[in-house]
Amino acid sequence: MLKGINQADPRLILPIQHYGCYFLTIAQASPIVFSGDEGCQRLNAIWVKATELGIISGDINHDGDVDDDGEAEIQDVTQLAQKFFNLKVKYDGIHHAGDEAIPASVKLVIGQYWYKSGHFVQLNKSKKVIFDSYGKSNTVKNGYLKSMRWFYAD
């Protein structure tokens, strides 16, 4: 769970500030509390370690940034959730349509809103946004629920 940390927090490394909405949404669902300077340092360290392990893609074309297609993307969501955030869930690997009904057996729902670009948020089973890493992003305010990622108990 994040306390007093959002995606615009300058204590977070730039890849998290720019591309970390999915990552921070998983952190928010975690039983681990991330708060203050120490919480930001731990999140930064997780991002770096997960990138080293290939769980998050890094600078694929070695141009010094992670803003190209395929970069700064979570490659193994289940491993990230379990290994670093102590979540006992498994991602089903499917991008479910935003209008699909969410089964009762789903434990965690992460939705992708779309408005000019995508942004990930945590949803409840009624598809209401319960966590937005920016607080109140323009993407959620002006966009629509494009797809959902469903996680089941592992």
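Quick note: residue numbers are just sequence positions, from 1. Not measured: the values here are computed from a predicted model.
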With side-chain hydrogen bond (donor to acceptor under 3.5 Å, both in side chains) as the rule and sequence neighbours excluded, what pairs involving residues 7-16 come up? Gln7-Ser133, Gln7-Tyr134, Asp9-Arg11, Arg11-Asp37
Is the Phe23 to Phe84 ring centre distance short of 6.0 Å? no
Let me confirm one number: the SG-OH distance from Cys21 to Tyr113, rounded to the nearest 0.5 Å. 13.5 Å
Verdict with reasoning, Phe120 to Tyr19, per ring pair (Phe, Tyr, Trp, His ring centres under 6.0 Å): CA-CA 10 Å; Phe120 289 98; Tyr19 310 106; over 10 Å; no
Quick one: does Asp154's side chain get under 4.5 Å of Val89's, heavy atoms only? no
Distance col, row Leu123:CG vs Ile130:CD1, nearest 0.5 angstrom, shows 7.5 Å
What distance separates Arg149 CZ from Ile74 CD1, expressed to the nearest 0.5 Å? 10.0 Å
Taking C-beta and beyond as the side chain, do Phe85 and Leu80 meet within less than 4.5 Å on heavy atoms? yes
What verdict does the side chain to side chain contact (heavy atoms under 4.5 Å, CB included) test give for Thr139 and Trp114, after you've listed the backbone C-alpha separation in whole Å, the side-chain angles of each residue and the deciding distance to 0.1 Å? CA-CA 6 Å; Thr139 303; Trp114 193 262; 5.7 Å; no
Should Gln122 and Asp132 count as side-chain neighbours, where that means a heavy-atom distance under 4.5 Å? no
Between Tyr91 and Trp150, ring centroids under 6.0 Å: no
With Gln28 as partner, the option from Ile110, Leu2, Val121 fulfilling side-chain contact (heavy atoms from CB on, under 4.5 Å) is Leu2
Just verifying a value: how many Å separate Gln41 CD and Leu12 CG, rounded to the nearest 0.5 Å? 11.0 Å
Any side-chain heavy atom of Lys136 within less than 4.5 Å of one from Val140? no
Can Val48 be reached from Leu14 by stepping across I, L, V, M, F, W or Y side chains whose heavy atoms are under 4.5 Å apart? no
Any luck finding a side-chain donor-acceptor pair between His119 and Asn138 under 3.5 Å? no
Rounding to 0.5 Å, atoms CD1 (Ile55) and CD (Gln79) come to a distance of 3.5 Å
Hey, quick one: are Tyr22 and Tyr152 part of the same hydrophobic cluster, counting side-chain heavy atoms closer than 4.5 Å, chains of contacts allowed? no
What distance separates Asp99 CG from Tyr144 OH, expressed to the nearest 0.5 Å? 11.0 Å
Any donor-acceptor N/O pair, Ser30 side chain to Ile32 backbone, under 3.5 Å: yes
More than 12 heavy atoms from other groups under 6.0 Å of NZ on Lys49: no
Short question: side chain of Gln75, backbone of Glu73 - any donor-acceptor pair under 3.5 Å? yes
Could you check whether any side-chain heavy atom of Thr25 comes within less than 4.5 Å of a side-chain heavy atom of Phe131, counting everything from C-beta outward? yes
Is there a side-chain contact between Val33 and Lys3, using heavy atoms and a 4.5 Å cut-off? yes
Beyond-backbone contact of Cys40 with Ile5, side-chain heavy atoms, under 4.5 angstrom: yes
Contact check, side chains of Met148 and Lys127, non-hydrogen atoms, under 4.5 Å: yes
Considering only distance and modelled atom types, tabulate donor-acceptor pairs under 3.5 Å from the side chains of residues 100-109, sequence neighbours left out.
from	atom 1	to	atom 2	distance (Å)
Glu100	OE1	His96	ND1	3.3
Glu100	OE2	Ala97	N	3.0

